[in-house]
Protein chains: 2
Amino acid sequence: MKLTSKGRYAVMALVDLARFDTINPVSLRDISLRQGISLDYLEQIFSKLKKNQIVKSTRGTQGGYVLSKKPNEIKLTNIFNAVDEKVKTVQCKKESKKGCNGKATKCVTHNLWDELETHINSFFEKKSLEDLLKNNSERIN
Amino acid sequence: MKLTSKGRYAVMALVDLARFDTINPVSLRDISLRQGISLDYLEQIFSKLKKNQIVKSTRGTQGGYVLSKKPNEIKLTNIFNAVDEKVKTVQCKKESKKGCNGKATKCVTHNLWDELETHINSFFEKKSLEDLLKNNSERIN
DNA sequence: TACATACCTGACTAAAATGGTCAAGTTTAC
DNA sequence: GTAAACTTGACCATTTTAGTCAGGTATGTA
Ligand code: FES
Ligand code: FES
């Protein structure tokens with residue numbers, strides 16, 4: 001079970017945005033340099049974040065991205081959904097009546113993985129960007 | 001973030017074992033048929049489970065595997081460690097002083113992922129094979 | 001003692017996912 | 001007009017996953 005770079009980078013970039021977008025839009029180039037993420041890869045990620053109305057963009061010189069909501073309104077769940085970083089623990093289709101073994105009943109571990117998924121998702125639903133900002137400034141002081 | 005088949009199969013197989021090993025050792029062939037898991041793949045998994053003293057084996061005709069501890073003494077943590085299904089959320093080496101960005105400080109999200117890892121692992125530490133047996137028989141009745 | 005059953009070991013591999021790069025734009029501030 | 005910055009889509013190398021395959025070795029039973 002591991003977290004992919006796409007999810008990790010999305011959150012890193014948005015924290016960066018939350019810290020620096022108060023005066024001017026922030027360019028991906030800046031984020032790329034500050035956070036050490038490939039510029040081209042960031043573009044893919046921000047394209048998805050924009051489609052999901054998590055960020056807004058301004059084109060042209062001095063352009064860049066800005067959060068489209070307040071940091072406390074952006075939960076990790078929203079971010080992860082936007083970039084398709086989903087938690088997948090069960091193998092079977094959840095709606096399907098068939099189990100992952102192809103039989104008519106769910107496998108012996110189905111309920112366990114389902115609980116696990118809920119457990120993990122509850123973490124993402126609790127945490128917002130604002131929590132991360134606090135956490136970060138605590139560490140600086 | 002997704003669970004791999006190796007971890008999933010290991011738990012499925014051990015639940016099967018816990019249900020059927022009370023009289024005779026259980027052959028991998030039986031598990032393979034009941035759970036719909038490739039026999040050759042099961043052998044790889046059980047090799048690791050054996051090295052980690054989670055199961056014991058008997059060779060020859062009528063041979064097979066038996067749990068080496070009571071179901072309530074086998075936690076998911078133990079199983080996952082045995083088959084190398086580890087939860088990995090941070091990108092950096094934890095001991096290292098360097099962050100995942102190569103800089104001297106930890107990245108802005110490091111603490112978050114570390115919390116997440118703890119959150120997930122606590123689930124695995126709580127759950128034992130016995131819990132799964134209960135859950136399963138509940139569903140049958 | 002033969003022989004079938006079942007464990008044991010290690011090498012190999014097809015397919016998918018990951019983590020990007022690259023190329024060719026369009027928009028807009030200055 | 002030109003450079004900065006967003007936009008789009010194709011492409012690709014590497015790694016991981018989820019196995020397969022080909023040999024073994026041990027042992028209960030007939
Ligand atoms: S995971 Fe849903 S049936 Fe096995
Ligand atoms: S995850 Fe540890 S420094 Fe980024």
Side-chain angles (χ1 to χ4, degrees), chain A residues 1-13 17 20-21 24-33 35-52 54-66 68 80 83-89 91 100-102, chain B residues 1-13 17 20-21 24-52 54-66 68 80 83-89 91 100-101:
Chain A
M1 293 211 82
K2 68 185 167 208
L3 191 66
T4 67
S5 286
K6 202 186 294 188
R8 196 194 327 275
Y9 288 167
V11 177
M12 283 173 76
L17 210 59
F20 294 104
D21 78 349
N24 293 314
V26 179
S27 72
L28 292 188
R29 158 169 288 274
D30 287 351
I31 299 179
S32 166
L33 291 175
Q35 305 298 331
I37 304 171
S38 144
L39 177 60
D40 286 312
Y41 201 24
L42 272 179
E43 278 170 351
Q44 288 180 42
I45 293 171
F46 272 76
S47 154
K48 297 186 178 190
L49 291 175
K50 193 188 172 186
K51 274 192 194 121
N52 286 267
I54 292 175
V55 296
K56 285 182 295 193
S57 66
T58 316
R59 299 181 77 148
T61 315
Q62 303 299 327
Y65 288 93
V66 176
S68 62
F80 276 17
V83 298
D84 303 312
E85 170 88 32
K86 41 197 144 194
V87 176
K88 194 181 175 211
T89 57
Q91 178 115 30
C100 59
N101 44 20
Chain B
M1 292 212 82
K2 68 185 167 210
L3 190 66
T4 67
S5 288
K6 202 186 295 190
R8 196 194 327 274
Y9 289 168
V11 178
M12 284 173 75
L17 211 58
F20 293 104
D21 78 348
N24 293 314
V26 179
S27 73
L28 292 188
R29 159 169 286 273
D30 286 352
I31 298 179
S32 167
L33 292 174
R34 274 196 294 261
Q35 306 298 331
I37 305 170
S38 143
L39 178 58
D40 286 313
Y41 202 24
L42 272 179
E43 280 171 349
Q44 287 180 42
I45 294 170
F46 272 76
S47 152
K48 296 187 180 189
L49 292 175
K50 195 190 170 184
K51 274 192 195 120
N52 286 268
I54 291 175
V55 296
K56 285 182 296 192
S57 65
T58 316
R59 300 181 78 149
T61 316
Q62 303 298 329
Y65 287 93
V66 176
S68 63
F80 277 15
V83 299
D84 304 311
E85 170 88 31
K86 40 197 146 196
V87 176
K88 194 182 174 208
T89 57
Q91 179 115 29
C100 60
N101 43 20

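None of these values were measured; they are calculated from a predicted model. Values below: every heavy atom of this structure, side chains too, minus hydrogens, waters and symmetry copies.
Side-chain atoms of A:I31 and A:F46, non-hydrogen and from C-beta on, do get closer than 4.5 Å to each other.
Nucleic acid contact class of B:F46 (heavy atoms, under 4.0 Å, all strands): none. B:K2 comes within 4.0 angstrom of sugar-phosphate atoms only, judged by non-hydrogen atoms across all strands, and of no base. Across all strands shown, A:V55 has no heavy atoms under 4.0 Å from either base or sugar-phosphate atoms. Looking at heavy-atom distances under 4.0 Å, A:T4 makes contact with sugar-phosphate atoms alone, never a base.
Atom P of nucleotide D:dG19 and atom CD of B:E85 are separated by 13 Å, given to the nearest angstrom. Between the CD1 atom of A:I45 and the C1' atom of D:dC6 there is a distance of 15 Å, given to the nearest Å. Look at NZ on B:K50: it is 16 Å from P on C:dA6, rounded to the nearest Å. Regarding A:K88, its NZ atom lies at a distance of 12 Å from the C1' atom of C:dA17, rounded to whole Å. For B:L33 and C:dT5, the CG to P distance is 13 Å, given to the nearest whole Å. What separates NZ of B:K51 from P of C:dC7 is a distance of 16 Å, to the nearest Å. Per the geometry, NZ belonging to B:K48 stands 12 Å off P belonging to C:dG10, to the nearest Å. As a whole-Å value, the separation of A:Q91 CD from C:dA16 P is 14 Å.
Not one side-chain nitrogen or oxygen of A:Y9 sits closer than 4.0 Å to the OP1 or OP2 atom of C:dG19. Residue A:K6 has no polar side-chain atom (N or O) positioned under 4.0 Å from OP1 or OP2 of C:dG19. The shortest distance between the side-chain N/O atoms of A:S57 and the OP1/OP2 oxygens of D:dC6 is not below 4.0 Å.
Judged as a side chain to side chain donor-acceptor pair (under 3.5 Å), the pairs with a partner in residues 2-13 of chain A (not counting sequence neighbours) are, in order, A:T4-A:E85, A:R8-B:Q91.
Residue B:R29 has its side chain nearest to C:dA6 when only C:dG20, D:dG19, C:dA6 are considered.
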Write out a two-atom table: protein N or O, nucleotide N or O from nucleotides 12-14 of chain C, distance below 3.5 Å.
none

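Defined by atom type and a distance below 3.5 Å, a donor-acceptor pair is present between the side-chain atoms of A:K50 and A:S57.
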- Item | Contact pattern, 5' to 3', of nucleotides 21-30 of chain C - B, S or - by protein heavy atom under 4.0 Å | BB--BBBBB-

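Closest approach of B:V55 to B:Y65, counting heavy atoms only: CG2-CD2, 3.7 Å. Here the shortest heavy-atom pairing between B:G63 and B:P25 reads C-CB, 3.9 Å.
No donor-acceptor distance shorter than 3.5 angstrom exists from the side chain of A:D30 to the backbone of A:V26, with no hydrogens or angles considered. Using modelled atom types, no side-chain atom of A:S32 and backbone atom of A:S38 make a donor-acceptor pair closer than 3.5 Å. With hydrogens and angles ignored, the 3.5 Å screen pairs no side-chain donor or acceptor of A:T89 with any backbone N or O of B:L3.
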- Apply side chain to side chain contact (heavy atoms under 4.5 Å, CB included) to the pair B:E43 and B:L28, showing each step before the final yes or no. CA-CA 7 Å; B:E43 280 171 349; B:L28 292 188; 3.4 Å; yes

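Distance check: B:L39 CG to B:L33 CG gives 8.5 Å after rounding to the nearest 0.5 Å.
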